[in-house]
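Since this is a predicted model, take the numbers as computed values, not measurements. Every chain is numbered from 1, with letters handed out A, B, ... down the list of sequences.
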Amino acid sequence: MPEPLLEIDGLTKRFGGVVASDGIRLAVAPGELHAIIGPNGAGKTTLIGQLTGELAPDAGRIRFGGTDITRLPAHRRSLMGLARSFQITSLFLDFTALDNVALAVQAHAGHSFRFWRNARRERALREPAHKALARVGLVERAHCIVASMSHGEHRQLEIAMGLATAPRMLLLDEPMAGMGPEESQRMVALLRELKGELTILLVEHDMEAVFALADRITVLVYGRVIASDTPAVVRLNAEVRQAYLGEQEAVIRHG
Amino acid sequence: MRALANPRNLVVAAILIFLALVPVYAQARANPYLLSLFTRIIILAMAAVSLNLIMGFGGMVSFGHAAYIGLGGYAVGILAQEGITAGLVQWPVAIVTSALLAVVIGAFSLRTRGVYFIMITLAFAQMIYYVGVGLERYGGDDGLSIDRRSQFGGLFNLSNRTVFYYVCFGLLLASVYLVWRLVNSRFGLVIQGARSNDRRMRAIGFPTYRYRLVCFVIAGTICGLAGVLLANHTDFISPATMHWTRSGDLIVMAVLGGMGTVLGPVLGALALLLLEEALSGLTEYWQVILGPLLLAVVLFARGGIDGMLASLNRA
Ligand SMILES: Nc1ncnc2c1ncn2[C@@H]1O[C@H](COP(=O)(O)OP(=O)(O)O)[C@@H](O)[C@H]1O
Ligand SMILES: [Mg+2]
């Protein structure tokens, strides 16, 4: 196995009495699409938050590209090539879609203590932003105010902002949540395209998508890793079936 | 080019031309009061424009912005009292002290958000206010008369009211232009992004705190310069200039005029001070009329006067 791009060891996070991350140990190889599944409240979003630097872990270490990033602030991690999309859409609602993505480009184009030139006319910012929008299929919507766009489009825009920074690794927190079947299908197609270009950590509830896309799957329950393996092995894992998959199927059938 | 000739821009252009011609009119009517009133409006408009840079574009609602007006004014007053009347000393001293004060206030307050930010900026401004009250040597509570306006040698004579008006008007236009360049630059987009969604800004790689601090300092500095002008205008400086209600006035100007654009606060300053002038001529209780008027603007015209003008464009 090659040197992992992301290495998590003993990661622990408590919220009062709740142990949201319980000694998580996990490695993601370069180029891998690594899915994280687990029931609601399992600690998936909390894990992503610690990876991006929004939450400080109580214990454990995170290494990215061989560097210990456990204590780095969020913006530094982003500049190292770790990009995320938010489960709850987090965009600049009063800006246009293109402005949103161009800001992400700008964040990675040197410092922004530039006070005079009109940034909206800088091709070095606008062109990569356009490309990222085209990538997710939003290019005709470039000049729409984000607040007026649909939920599905917001999810696509989240991905475009991640891509615009040309990251080494993309952390996606339920990119398909709340999407219709057609939009979901497009998202799966996009993820399939991205797979191989960059390393992806995907948190997703859509099991069909996860098993179709993932190289490896980690199952999280009550903040603990109960399995981390290839889809074929995880599918057969009795503990996983009991703890999660069966319950999930029931939910899908009845809910 | 057709887009430029929309109703809103025509109104704004008319107002700017009007402002440029005020001294001519005042002279023709032999009405020095009018000139004095509009000088004051222009100076406070400049302060409101600077406040709007942080409040409207940056989402930093400072309730202590008048502190910089006072600081700029005291720099002029104290130096004059000590016999230093050279503008080339007074003005840079005022600008640098305002910037330093903004660094200190900003460094603390920008670690907080929302109501806490408002309260901390207010608390700092109140501290500065009481420092002013305590300056026995410089008049304390009663303030300090300024016998000579800032001297610029043969360059221009600020004691000439018309010259002074045009200096203020020029500096207002320069501030508006500066803020306009700023908000459209990379720097300005970071400031607006941080207002819109600071968490996301950090997630995409911006250390937003330092950008917001620099913005806060730029605004404080412009406002300090407005304070220099105000002290020269009134030939007087006192702690009352820094009272929290003065900071409130600046907020009202920005909100009334419209926070979404660079020129909004200029319209707001004009509207507020002219209304105040007209209403206080009618009744002692003019604030009873002004209050509901403000309420109506906030409730029914979110973009302020400028927003109403802009909606004419679409009509
Ligand atoms: N900021 C917080 N404060 C307190 N408890 C939290 C916080 N964030 C998450 N939790 C708790 O941590 C656990 C894991 O939550 P989360 O990471 O959101 O799970 P998931 O994303 O897998 O649904 C839950 O029990 C949740 O209630
Ligand atoms: Mg979650």
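Proximity of A:Met179 to A:Arg186: side-chain heavy atoms (C-beta onward) are nowhere separated by under 4.5 Å.
Neither the backbone nor the side chain of A:Ala164 comes within less than 4.5 Å of any heavy atom of chain B. For a residue to count as touching a neighbouring chain, one of its non-hydrogen atoms must lie under 4.5 Å from one of that chain's; by this rule A:Leu93 touches chain B with the backbone only. Both the backbone and the side chain of A:Arg114 come within less than 4.5 Å of a heavy atom in chain B. Proximity to chain B (any heavy atom under 4.5 Å) is shown, for A:Ser90, by both the backbone and the side chain. For chain A, the nearby part of B:Arg195 is the side chain; its heavy atoms alone come within less than 4.5 Å. Both the backbone and the side chain of A:Ala104 come within less than 4.5 Å of a heavy atom in chain B. Heavy atoms closer than 4.5 Å to chain B are found in both the backbone and the side chain of A:Phe113. Proximity to chain A (any heavy atom under 4.5 Å) is shown, for B:Tyr209, by neither the backbone nor the side chain.
Chain A forms the most heavy-atom pairs under 4.5 Å with one residue out of B:Leu182, B:Val183, B:Leu178, B:Leu189, and that residue is B:Leu189. In terms of heavy-atom pairs under 4.5 angstrom with chain B, the leader among A:Arg77, A:Met80, A:Met161 is A:Met161. Most heavy-atom pairs under 4.5 Å with chain B: of the set A:Arg76, A:Gln106, A:His111, A:Arg117, this distinction falls to A:Gln106. Of all the listed residues (B:Ile204, B:Asn184, B:Val214, B:Val190), the one sharing the greatest number of non-hydrogen pairs under 4.5 Å with chain A is B:Ile204. When each of A:Asn100, A:Asp94, A:Thr165 is scored by its heavy-atom pairs under 4.5 Å with chain B, the top score falls to A:Asp94.
A salt bridge is defined here as a Lys NZ or Arg NE, NH1 or NH2 lying under 4.0 Å from an Asp or Glu carboxylate O, and A:Asp9 with A:Arg63 fails to meet this definition. Between A:Arg84 and A:Glu54 there is a salt bridge, since a side-chain N of the basic residue sits under 4.0 Å from a carboxylate O of the acidic one. Salt-bridge formation is detected for the pair B:Arg8/B:Asp306: a Lys NZ or Arg NE/NH1/NH2 atom is positioned less than 4.0 Å from an Asp or Glu carboxylate oxygen.
Of all the heavy atoms in A:Ser85 and B:Arg200, the pair that sits closest is CA-NH1, 4.4 Å. The shortest heavy-atom contact between B:Ala194 and B:Thr208 is CB-CG2, 4.1 Å. The two residues B:Cys223 and B:Ile69 come nearest to each other via the heavy atoms SG-CG1, 3.5 Å. Taking both residues in full, the closest heavy atoms of B:Gly193 and A:Leu103 are given as CA-CD1, 4.2 Å, listed atom of the first, atom of the second, then distance.
When each of B:Leu256, B:Leu51, B:Asn52 is tested with B:Ile251 by the rule side chain to side chain contact (heavy atoms under 4.5 Å, CB included), just one qualifies, namely B:Leu51.
Identified by a heavy-atom distance below 4.5 Å to chain B, the contributing residues of residues 120-144 of chain A are A:Arg120, A:Glu122, A:Leu125, in residue-number order.
For the residue pair A:His34 / A:Thr199, no side-chain donor-acceptor distance below 3.5 Å is found, with atom types taken as modelled.
Under the 30°/60° scheme for interplanar angles, the aromatic rings of B:Tyr177 and A:Trp116 are found to stand perpendicular.
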Before giving the answer on side-chain contact (heavy atoms from CB on, under 4.5 Å), spell out for A:Ile200 and A:Leu198 the whole-Å C-alpha distance, their side-chain angles and the decisive distance to 0.1 Å.
-> CA-CA 6 Å; A:Ile200 298 176; A:Leu198 35 83; 3.6 Å; yes
